[in-house]
Amino acid sequence: MPCYGWAPVPVVLNPEQSAAVAHRGSALLVLAGAGTGKTRVITHRVAALLDEGIPPWRILAVTFTNKAAEEMRARIDRLCEGRHATKEIWVGTFHSICARLLRRFGQPLGLSPHFTIYDTADSTAVMTKVLEALDVSDKLFTPRGVLGWIDRAKNRGLGPGELDALGVIEPVRSVVAKAFAAYQARLLAANGADFGDLIVHTVALLRAAARPRETAGQQLAGDDPVRALLHRFQHVVVDEFQDTNPLQAELVDRLASHAELCVVGDDDQAIYGWRGADVDQILRFADRHRGTHVVRLEHNYRSTGLILRCADAVIRRNAGRLGKTLWTDAGDGDPVRVLELPGEREEARLVAHEIRHAIDDGASPDQFAIFYRTHAQSRVLEDALRTAGLGVRIVGGVAFYERAEIKDILSYLVVLLNPDSDAHLGRILNRPARGIGNTTIDRLAALATARGTSLWQVLPAAREAGLGAAACKKIAGFVALIEQLRERVAALPLDALVAEVVERTGYRESLVLDGDEESMGRLENLQELLGNTEEFLSEHPGATLSDWLEQTSLVGGERGEGPRAQAVTMMTVHSAKGLEFDEVYLTGMEERVFPHARVLEDPVQMEEERRLAYVAITRARRKLTLTMVARRRIYGQLQPGTPSRFVLDLPREALATAAARPRPQPVVERPAPRTPAWNEDVVYDAAPEIALEPDELEGFHAEVDGGVALFVGMHVRHKDFGIGELVGWSGAGRQLKFNLRFARVGLKTILARFCEPV
DNA sequence: TGTTATTGTGTTTTT
DNA sequence: CACAATAACA
């Protein structure tokens with residue numbers, strides 16, 4: 001992830017940052033507010049360690065997202081400028097680091113080096129089979145629900161027999177326990193691991209290696225490489241520590257068992273509680289590590305004063321926080337805007353329209369970001385941006401890699417490396433249709449179960465499964481196809497291999513023969529997959545199939561074409577964590593959207609939602625616009641929208657108003673020095689004094705006349721006066737009047753029908 | 001056995 | 001409203 005535009009970051013580290021960089025000799029906890037130079041501290045710390053002579057391979061840096069890992073590596077490289085072999089530093093996400101370790105050392109656990117990482121869809125497919133076999137009510141036990149319990153168990157390091165700790169009540173507990181065990185057995189037999197397993201298995205390895213040798217078994221004795229791993233790292237740095245779950249915390253502790261540990265985090269940005277993350281990890285860190293040194297970073301270098309005021313107004317209403325207050329010396333900056341529009345199309349058009357104009361005036365597209373709470377909101381926005389001729393880059397999104405045709409081809413690729421992966425083999429056996437029907441597959445699966453082997457193993461024995469000659473012939477053809485392709489894996493470069501799979505399996509041909517619109521779309525998607533593969537190969541020369549599969553399962557994707565600098569970025573607020581942009585549009589600021597309908601009843605989740613809003617606001621450097629709509633389509637039904645409580649929490653003097661009220665001066669003031677709240681009782685901020693009443697928002701309402709969304713600040717052309725800025729309006733229809741400010745003639749009130757939108 | 005129509009069904013967020 | 005799972009068809 002590049003650095004977006006300018007940043008008013010001082011050349012020299014401030015005293016707190018320096019302290020965090022320089023501290024040695026005990027565990028270090030850096031409590032770093034948004035935009036306070038957290039990544040800077042980490043990268044400088046790593047660079048300093050290298051300068052002190054620590055070998056790069058003895059340093060480990062862990063992040064949560066691949067974007068963060070990429071950026072961190074890039075910044076370390078830049079800082080070290082060829083002075084050190086930075087390639088040898090281990091930088092990665094929890095999951096990628098664990099996958100790497102398991103490929104190398106996972107054999108004792110039953111994982112071969114080419115084990116398959118199961119994504120959510122793969123796991124669901126397996127669990128569906130498991131529940132069918134258990135013959136339990138599929139109303140009461142959905143694959144998703146059971147997997148949810150299993151995931152929660154894994155996040156806390158619990159096995160099928162330890163579900164009590166989760167507080168699962170009885171009929172559920174025993175069913176989940178059975179399903180859990182059966183699911184793990186299937187995954188292991190298929191040489192597969194789901195996301196949670198990556199951590200679970202790695203911790204198991206490290207636990208075993210840490211035990212005294214006599215109990216650890218033969219193969220772990222002596223020059224055990226895993227044991228060596230425990231001594232490998234001298235320094236471990238963990239970013240976004242507030243989002244670790246208990247098992248990940250154990251993983252960190254073990255990897256750092258002979259290292260100095262530095263964790264960086266912000267309790268106000270903990271937004272992954274639903275995934276098992278537990279802020280307690282950060283709260284209890286000092287208890288687990290004696291002599292922990294704590295550094296707090298509160299000086300914000302990212303955002304302007306009024307943006308920070310808004311952020312503070314939102315987050316201060318949370319009770320359970322350590323209580324930081326960000327401050328800046330950057331000045332107020334532009335007021336934050338709140339705009340209401342009639343519907344989501346208008347909302348999208350407004351955003352597109354404004355960005356279009358800014359770009360026409362010379363702004364760079366990558367300065368802009370559009371955030372939303374859920375992916376479902378992205379579609380309308382994407383359409384509007386494309387209509388406005390803007391390049392779009394969508395992070396995550398209605399995942400490209402989850403589309404049927406993509407999953408099919410990727411399943412072929414998985415099978416080429418790991419034919420025992422039943423879930424993937426079962427998926428492609430008859431895709432494209434080659435006359436291997438469900439009954440055939442069911443019988444083969446039954447035989448595999450009876451023999452305790454994988455599906456692939458029984459394919460040559462199709463006859464013994466009671467199948468007719470025709471079916472056997474087709475199976476044999478399929479086996480031959482896969483085996484031919486397997487021979488090509490080592491022979492072809494990655495992109496050629498993928499192309500060959502699309503071709504030789506007859507997949508492309510079947511789509512071409514179909515010829516309808518949908519199939520054409522699928523063909524395009526396959527083309528895009530090929531493009532992504534080529535891009536990956538050029539970024540990672542010599543990458544193997546294994547590398548590519550890991551990338552697709554762990555990294556997910558970005559959608560959009562063209563160079564990044566030419567595109568506006570769209571993403572969920574969750575994906576935005578850790579990033580920053582000059583100008584941010586935060587859309588869908590309505591109750592039931594953000595905060596999401598599902599959290600309204602639960603105060604704990606509501607606090608997380610509030611932190612999410614805080615994260616969103618603090619991404620903006622210079623300009624922040626919040627939009628909300630009067631009516632939104634949910635479930636295909638028009639639903640009235642009410643302003644988000646987070647909007648109502650904003651201090652009115654930080655907002656742009658229709659009446660262009662004189663702007664007050666106060667920035668967030670430097671807070672009085674406070675004794676560190678660390679490990680004491682939580683500090684509660686004083687009650688907020690200013691907040692918006694719902695009716696105060698009226699001045700912001702935008703309206704639509706003739707299909708054009710109106711909003712304060714938009715530009716309008718008049719044939720005599722030229723271009724003017726809209727400062728307000730009155731009336732409606734033919735009587736709609738604009739209050740406009742023109743550069744030459746100043747303020748004018750003009751009938752709207754004499755003006756046209758620019 | 002494979003394709004198509006219909007009826008449910010359900011939606012946060014991610015590695 | 002979309003999409004998936006099911007039912008009815010060819």
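Proteins come first, then strands; the chains are lettered A, B, ... in the order of their sequence lines, and each starts at number 1. Owing to the predicted nature of the structure, the values given are computational and were not obtained by experimental measurement.
- The base of dT15(B) sits with one of its N or O atoms less than 3.5 Å from a complementary donor or acceptor on the side chain of His95(A).
- Heavy atoms only, all atoms of each residue included: Gln281(A) and Ala249(A) are closest at OE1-CB, 3.4 Å.
- In this structure, NZ of Lys407(A) is placed 16 Å from C1' of dA4(C), rounded to the nearest angstrom.
- Both the sub-6.0 Å distance and the 45° axial angle are satisfied by Arg275(A) relative to the ring of Tyr272(A).
- Backbone-only engagement by Ile436(A) is indicated by non-hydrogen atom pairs under 4.0 Å involving sugar-phosphate atoms exclusively.
- Taking the centre of each ring, Phe64(A) and Phe94(A) come in below the 6.0 Å mark.
- Applying the 4.0 Å criterion to OP1 and OP2 of dT14(B), one finds that His375(A) has a side-chain N or O inside that range.
- Residue contacts for Gly196(A): at a heavy-atom cut-off of 4.0 Å it reaches no nucleic acid atom on any strand shown.
- Within the 4.0 angstrom heavy-atom criterion, no nucleotide atom of any strand lies near Asp151(A).
- Counting atom types as modelled, Arg373(A) pairs a side-chain N or O with a base atom of dT13(B) as donor and acceptor under 3.5 Å.
- Mapping Ile634(A) and Thr440(A) onto DNA chain B by nearest heavy atom places Thr440(A) closer to the 5' end of the strand.
- A cation-pi arrangement is found for Arg103(A) relative to Phe115(A), the charged atom lying closer than 6.0 Å to the ring centre and inside a 45° cone about the ring normal.
- Note on Gln605(A): a base of the nucleic acid sits closer than 4.0 angstrom, heavy atoms only.
- A sub-4.0 Å separation between OP1 or OP2 of dT14(B) and a side-chain N or O of Ser575(A) is present.
- With a cut-off of 3.5 Å on both pairing distances, the Watson-Crick or G-U wobble partner of dT4(B) is dA7(C).
- Between the CZ atom of Phe594(A) and the P atom of dT12(B) there is a distance of 15 Å, given to the nearest Å.
- Both stacking criteria are satisfied for Trp274(A) over the base of dT13(B): a centre-to-centre distance under 5.5 angstrom and an angle between ring planes under 30 degrees.
- Remark: P of dT15(B) and CD of Glu240(A) are 12 Å apart, rounded to the nearest angstrom.
- Atom CZ of Phe371(A) is separated from atom P of dT13(B) by 16 Å (rounded to the nearest Å).
- With respect to Phe594(A), the ring-ring contact (aromatic ring centres under 6.0 Å, His included) criterion is satisfied by exactly one of Phe371(A), Phe646(A), Tyr372(A): Phe646(A).
- Regarding contacts with the backbone of dG2(B), a side-chain N or O of Asn430(A) is found under 4.0 angstrom from either OP1 or OP2.
- In the set dT12(B), dT15(B), dT14(B), dT14(B) carries the atom at the smallest distance from any side-chain atom of Thr572(A).
- Per the geometry, CG belonging to Leu101(A) stands 20 Å off P belonging to dT15(B), to the nearest Å.
- Atom CG in Leu247(A) sits roughly 13 Å away from atom C1' in dT15(B) (whole-Å rounding).
- Atom P of nucleotide dA5(C) and atom CZ of Arg144(A) are separated by 13 Å, given to the nearest angstrom.
- Classification of the Trp90(A)-Phe233(A) ring pair by plane angle, with boundaries at 30° and 60°, yields perpendicular.
- Toward the 5′ end of DNA chain B lies the nearest nucleotide of Arg434(A), the other residue of the pair Thr93(A) and Arg434(A) mapping further downstream.
- Atom-to-atom, CG of Asp122(A) to P of dT15(B) comes out at 16 Å; the value is rounded to the nearest Å.
- Aromatic stacking is not marked for His574(A) over dT13(B), as the cut-offs of 5.5 Å for the centres and 30° for the planes do not both hold.
- In this structure, Arg592(A) reaches neither bases nor backbone, as no heavy-atom distance under 4.0 Å exists between it and the strands shown.
- Using a 4.0 Å heavy-atom criterion, one finds that Phe94(A) contacts no nucleic acid atom at all.
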